[in-house]
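As structure tokens, the structure follows; a few thoughts come after it.
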Amino acid sequence: MTLRPVPILFIGLALTAWPVLALAAETVAEAPAVEKLGDGNDGNRSTPVHVIELLDEKGDAIKVDETRMNPVSLKQTCGKCHTYETIAGGWHFHAGSGKIPSGRIGEPWVLADSETRTQIPISDRRWAGTYSPGELGISAWQFLQYFGSHYPGGAYGEAEASADDPVAGLRGGISGKFEINCLACHNADSNQNPSDAALQAARQNYRWIATVSSGLGLVKGTASELDDLYDPWTESKIKCLYDKGRFNSEDKVAFNIVRQPPANRCYFCHSTQDMETAGDKEWTRDQDVHLAAGLTCADCHRNSANHMISRGDQSKSNAGIGSISTLSCRGCHLGDETADAQATRKAGRLGAPRPLHAGIPTVHFNKLACTACHSGPMPAESTTLARTARIHKLGLHGKHAVNMKLPHVQWPVFVRGADGLIAPNKLMWPTFWGTSKEGKITPMTPKAVKEAIGALIKSEQPRVNDWIPLSTETIATALTALSAQIEEPKEGAKPEVVYVAGGKVYQLSGEQVIETEDPAAGPYSWPIAHDVRPAAQSLGRDGNCRDCHSTTSPFFFGTVTVDSPVKPDEVQLRKQVSFQTISPMFAKAFAFSFVFRPYMKITVILCCAVVGAVVLAFVLKALGWFSHTAAEEE
Amino acid sequence: MDTLFRNAAVVGFIVVFGAIVLHSLLFPSARQCTLSVRAILRKFVFLLTLVLLEQKLGPIGRLKKLAFLVAGACFLVLFMTGFGPRILLGVPLSGWALMIHATFAPVFAVCLAFLAASWAWQCCFSGTDWNWVVRFFTFKWKGILADCDLGWKLTFWAMIILFLPVCLSIVSSMFPIFGTHGQEVLFQIHRFSALVLSLVALANIYLVLRARCKAEQG
């Protein structure tokens, strides 16, 4: 049965003219969610003013004259007009919620620890090379502790603790749910402070995150320091101190809500730092050419109420929603003949200039992603290290700021992707202790490793925020000890203990450690989309083939470090071409052929000149003959 | 366009080979010099061994012979690498085949330029050819296809003229002059003109061999 929209509260003066919708007469289990006031769009492009009543997680209004003011719950407050469940299905929020789309391969969460020499790519999107939190035995509660600083809320943040995890049950009751923090993106107020959100996440003050980070108030107290039996509804060891000046006489608060999140909001979780220009050189870096031209992230990365933001991918993940399919490099700059709307079939969307690509043979467009020539740092003789906001927890200020060296992420590495196109990637080498059974390697978390063999692999050095060298002798000792701790299963063979690093699997053979190559130990890489460089700085500009086709070009022959804590003095390097499924010999020979390319052009042009001259000479001769014959006939 | 090219190539080769077979059947050359498989092979062996045997030709003649043989070998390589992947495998020219193609192309160009310059005089049209044209346009067609020198001369000049778009289209695409659309057009010009050049070259070889038979008979 189809349900009609529900009558809704008026939200601020600007919304008073909105139509009052009919109340649904009945509800049906499993029926589609009832459309709320904020789910649709009446076509008015102005942003509705949000002067709204704040609700706590029980749905009660927060009044300024109350002695105890609870933290705001955005699930309740925003959910009054926007269907929270619909939003929760978006890319940012649905991780860990069971059946989720994989989408194009992307940046994972990375569990890194220098003491155990670990860096594990984690994702529950089933991307090849990543491990799901479940595989590692990481509960939702633990996931938030590892990655809460840049977590947008929802899914793991709202998961119910399992019965066999009493700690998560007890602590979750104190900390509350880590709801989707709508304001993290949509609050354009300059007081919106994601670093404060990260601080509250570190303190396990999950239910207070939105209140503090939006600048509505302060929170005194740390949930992680409270005892397990603390009752947040009756006790007052955590106090929420609102900025009461923000409440009007009707206990409503004005928010500077925008439909399109400003780039600054996106940057908090989606920044990349090039370690070559880190620190006091950071100001020398240019931003993405699109931002410099006045666009913002959300101009291309759009979404409807379901928050399935278009990822700029010209393949599957954009398809299906009419003009959205053109919100990719090719779509805007070249048009998309398969798009629904006539206008978007043509190039030039959002004012995108149509590229000339003068002198670039069209075969390149079948073999390379647009980003190969246009995005990321210019390829150099060797890759450099990069840090990303989510992996390295960038953007945290104050005493909870960190300066993570691990994991080592390299860029740009030119890798052939699943779509068959070569694109610049960020790349890391998974490094971890784990078990191998029937060919499947399962990592162990740093916590589990420390408990099992922490003493054996502990370094004498003071705490190091980077790789601590690991000798093969130590690996042998640790693997032996680890193996001894694994119980024989009732059925099947006992799993073999392994250490994975630098693309190799180290395992015991008797008392010796042997190292083998294994695809499971291979690098994990994900495509770089931004920063896009100006056209003038793209590879091959002005027909300069030698940007890539020379025997020393970084695109093919630049080096990528095989990063490993094992034997760090014997650094192994791999050529870029080895990630492109191209024969290195062919790449070299092809590049070498470009040495002769100018001579070939000259030779062929000279030959054409000779042939042209011959043709011209005999055409003139023929004309002469014709003239002579015509004269004789007369 | 790829399908069109593939179909055009297949049809073109069938038509040209068919026309050659039909022509040789309808207008067989003299008994002593039939265009049997054995005779054609004998001709090729003769041509190939010319570079190894003592030559009675002068320096330019030897160069012509050498250029002809090298051009023939290059043509074979370019033909196979250029048409093979698309027609036989349905894939674009790339990888090692592309490199081989690009390596032999300038050699072929040099040889053809030399042959153009050195053979042009021989292939110059004469009064006899003019008479043939007059016969053709006055509908005096009896025996017109049996004995004619115009065919190999025409195909020679067609080859020489087609050489220009084949070469210039691909060389100009290597300069930063033409954009994506231009590149695509140049590429299509290259491969379609190369297809026509190949068909004309096959016809030329047949007609030259016929003419040689006729000359030997005479």
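Protein chains get the first letters and strands the later ones, always in sequence-line order, with residue 1 at the start of each.
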* Quick one: of G612(A), A622(A), A589(A), who has the most non-hydrogen atom pairs under 4.5 Å with chain B? -> A589(A)

* Which atoms form the tightest heavy-atom contact between A109(B) and V604(A), and what is the distance? -> CB-CG2, 4.4 Å

* Portion of T103(B) that has a non-hydrogen atom of chain A nearer than 4.5 angstrom -> neither

* Asked: Does F592(A) reach the side chain of M99(B), with side-chain heavy atoms less than 4.5 Å apart?
  -> no

* Does CZ in F83(B) sit with more than 12 non-hydrogen atoms of other residues, nucleotides or ligands closer than 6.0 Å? -> yes

* Taking all non-hydrogen atoms of both residues, which atom of C124(B) and which atom of K621(A) are closest, and how far apart? -> SG-NZ, 3.3 Å

* Does a sphere of radius 6.0 Å around CD in E381(A) hold more than 12 heavy atoms from other residues, nucleotides or ligands, not counting ones at 6.0 Å or beyond? -> no

* Please state whether the side chain, the backbone, both or neither of I582(A) comes within less than 4.5 Å of a heavy atom of chain B. => neither

* Asked: Taking all non-hydrogen atoms of both residues, which atom of V614(A) and which atom of A120(B) are closest, and how far apart?
  -> CG1-CB, 3.7 Å

* Heavy-atom pairs under 4.5 Å with chain B are the metric here; pick the option from C607(A), G540(A), P361(A), P355(A) that has the most. => C607(A)

* Asked: Should we say atom CZ of F626(A) is surrounded by more than 12 heavy atoms from elsewhere, each under 6.0 Å from it?
  -> no

* Asked: Can you name the nearest heavy-atom pair linking A113(B) to V610(A), along with the distance?
  -> O-CG1, 3.9 Å

* Atom SG of C608(A) and atom CG of L164(B): how far apart are they, to the nearest 0.5 Å? -> 5.5 Å

* To do: Give, as side chain, backbone, both or neither, the part of F365(A) having an atom under 4.5 angstrom from any heavy atom of chain B.
  => side chain

* To do: Heavy atoms only, distances under 4.5 angstrom: which of N544(A), V363(A), T362(A), T603(A) has the most pairs with chain B? Name it, please.
  => T362(A)

* Let me see the working for V611(A) and L112(B) under side-chain contact (heavy atoms from CB on, under 4.5 Å), right down to the final yes or no. => CA-CA 8 Å; V611(A) 170; L112(B) 210 71; 5.7 Å; no

* Which atoms of A617(A) approach chain B - backbone, side chain, both or neither, heavy atom under 4.5 Å -> neither

* To do: Measure R597(A) against the heavy atoms of chain B and call it side chain, backbone, both or neither at under 4.5 Å.
  => side chain

* Asked: Does CE in M378(A) sit with more than 12 non-hydrogen atoms of other residues, nucleotides or ligands closer than 6.0 Å?
  -> yes

* Asked: Taking atom OG of S593(A) and atom CD1 of I100(B), what is their separation to the nearest 0.5 Å?
  -> 12.0 Å

* To do: Evaluate the ring planes of F618(A) and W157(B), with Trp represented by its six-membered ring, and classify them as parallel (under 30°), tilted (30 to 60°) or perpendicular (over 60°).
  => tilted

* Structure fact -> One option among F114(B), F108(B), W121(B) has the most heavy-atom pairs under 4.5 Å with chain A, and it is W121(B)

* To do: Any chance you could measure F590(A), atom CZ, to S94(B), atom OG, to the nearest 0.5 Å?
  => 9.5 Å

* Structure fact -> Heavy atoms of M600(A) and A102(B) approach each other most closely as SD-O, 3.6 Å

* Using a heavy-atom distance cut-off of less than 4.5 Å, which residues of residues 170-190 of chain B contact chain A? -> V171(B), S173(B), M174(B), F175(B), P176(B), I177(B), F178(B), G179(B), T180(B), Q183(B), E184(B)

